[in-house]
Amino acid sequence: MTSVANRGTARQKRHDRIRLSLAGTSERPRLAVFRSLNHIYAQVIDDGAGKTLAAASTVEKELRGSTTTKSQEAAIVGRLVAERAKAAGVERVVFDRAGFRYHGRIKSLADAAREAGLEF
């Protein structure tokens with residue numbers, strides 16, 4: 001096995017372990033973040049109802065082809081998902097980092113979402 005496969009499986013194991021105790025409710029939905037090599041995705045999910053209340057990512061038309069850094073793009077996505085969540089009536093969320101380390105793009109997204117008014 002290569003180190004990439006080990007890193008990916010290790011992240012998936014962390015994610016599965018985190019999700020055992022982490023769930024979004026209608027009062028406090030889950031802000032789920034996924035980071036790929038080039039993009040970052042964020043969703044506000046009500047696990048009880050099984051619905052996505054708000055979502056944002058760097059693959060959206062208005063964010064595609066940006067010349068900013070990946071951390072800056074993550075901050076834009078964080079602000080965008082916070083605005084959309086607030087429009088859907090969500091003020092408080094549970095942060096789900098999906099097994100990724102809390103630094104870099106994940107931290108940028110979380111900080112921007114907090115600044116935009118989401119509470120976690």
Side-chain angles (χ1 to χ4, degrees):
M1 253 191 206
T2 64
S3 63
V4 174
N6 290 338
R7 189 169 49 235
T9 54
R11 185 202 66 83
Q12 187 61 48
K13 280 178 68 173
R14 279 191 306 274
H15 177 57
D16 293 342
R17 193 170 56 238
I18 290 168
R19 286 286 288 127
L20 287 173
S21 62
L22 190 74
T25 62
S26 56
E27 298 86 37
R28 206 164 167 191
R30 176 169 55 101
L31 174 59
V33 177
F34 178 75
R35 177 183 64 92
S36 70
L37 193 61
N38 295 316
H39 297 286
I40 192 156
Y41 308 83
Q43 294 179 311
V44 177
I45 304 167
D46 178 0
D47 289 317
K51 294 193 182 231
T52 299
L53 306 173
S57 72
T58 55
V59 296
E60 293 179 7
K61 198 170 203 168
E62 56 267 11
L63 297 178
R64 217 177 307 141
S66 177
T67 58
T68 60
T69 66
K70 291 179 187 177
S71 288
Q72 290 168 336
E73 286 179 347
I76 293 168
V77 169
R79 280 191 294 276
L80 197 55
V81 77
E83 290 168 8
R84 291 176 182 174
K86 288 182 80 164
V90 175
E91 297 287 328
R92 301 178 70 216
V93 295
V94 177
F95 189 66
D96 177 11
R97 60 187 176 91
F100 296 105
R101 289 171 49 200
Y102 187 80
H103 77 115
R105 290 189 276 162
I106 303 293
K107 185 176 186 305
S108 295
L109 187 143
D111 290 343
R114 278 192 198 100
E115 287 172 14
L118 275 186
E119 182 184 329
F120 29 120

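- Looking at Ser66, its side chain never comes within 3.5 Å of a backbone N or O of Leu63 through a donor-acceptor pair.
- With respect to Val77, the side chain to side chain contact (heavy atoms under 4.5 Å, CB included) criterion is satisfied by exactly one of Val59, Val33, Ile40: Ile40.
- When every heavy atom of Ile45 is checked against every heavy atom of Ala32, the shortest pair comes out as CD1-CB, 4.0 Å.
- When every heavy atom of Ala113 is checked against every heavy atom of Ala82, the shortest pair comes out as O-CB, 3.8 Å.
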Start with the C-alpha distance between Asp47 and Arg19, add both sets of side-chain angles, then the distance that settles side-chain contact (heavy atoms from CB on, under 4.5 Å), and finish with yes or no.
-> CA-CA 11 Å; Asp47 289 317; Arg19 286 286 288 127; 3.8 Å; yes
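- Thr58 contributes atom OG1, which lies 11.0 Å from atom CG of Leu80 (distance to the nearest 0.5 angstrom).
- Smallest separation of non-hydrogen atoms from Ala42 and Leu31: CB-CD1, 4.2 Å.
- Arg11 and Ala98 make their closest contact through NH1-O, 2.6 Å (heavy atoms, listed as atom of the first residue, atom of the second, distance).
- Within the model, atoms CG of Leu22 and CZ of Arg17 stand 13.0 Å from one another, a figure rounded to the nearest 0.5 Å.
- A pairwise comparison of heavy atoms in Gln43 and Thr52 identifies NE2-OG1, 4.0 Å as the closest pair.
- Between Arg84 and Glu60 there is a salt bridge, since a side-chain N of the basic residue sits under 4.0 Å from a carboxylate O of the acidic one.
- Shown here are the side chain to side chain contact (heavy atoms under 4.5 Å, CB included) partners of Ala112, two or more places apart in sequence or in another chain: Ala75, Arg79.
- Residues near Leu20 contribute nothing to a hydrophobic cluster around it, because no ILVMFWY side-chain heavy atom sits closer than 4.5 Å to its side chain.
- Residue pairs meeting the salt bridge (Lys or Arg N to Asp or Glu O under 4.0 Å) criterion with at least one member in residues 85-110, sequence neighbours excluded: Arg30-Asp96, Arg92-Glu119, Lys107-Asp111.
- Remark: Ser57 engages no residue in a side chain to side chain donor-acceptor pair (under 3.5 Å) (not counting sequence neighbours).
- Between the side chain of Lys70 and the backbone N or O of Leu37 there is at least one donor-acceptor pair closer than 3.5 Å.
- Scanning both residues, Val90 and Val93, for their nearest heavy atoms gives CG1-CG1, 3.7 Å.
- The stretch residues 39-94 participates, sequence neighbours left out, in no ring-ring contact (aromatic ring centres under 6.0 Å, His included) pair at all.
- Here the side chains of Val81 and Val44 are in contact, with some heavy-atom distance below 4.5 Å.
- The CG atom of Leu118 lies 10.0 Å from the CD atom of Glu83; values are rounded to the nearest 0.5 Å.
- The stretch residues 77-120 participates, sequence neighbours left out, in these ring-ring contact (aromatic ring centres under 6.0 Å, His included) pairs: Phe34-Phe100, Phe95-Phe120.
- Counted by atom type alone, Ser71 and Thr69 present zero donor-acceptor pairs between their side chains at under 3.5 Å.
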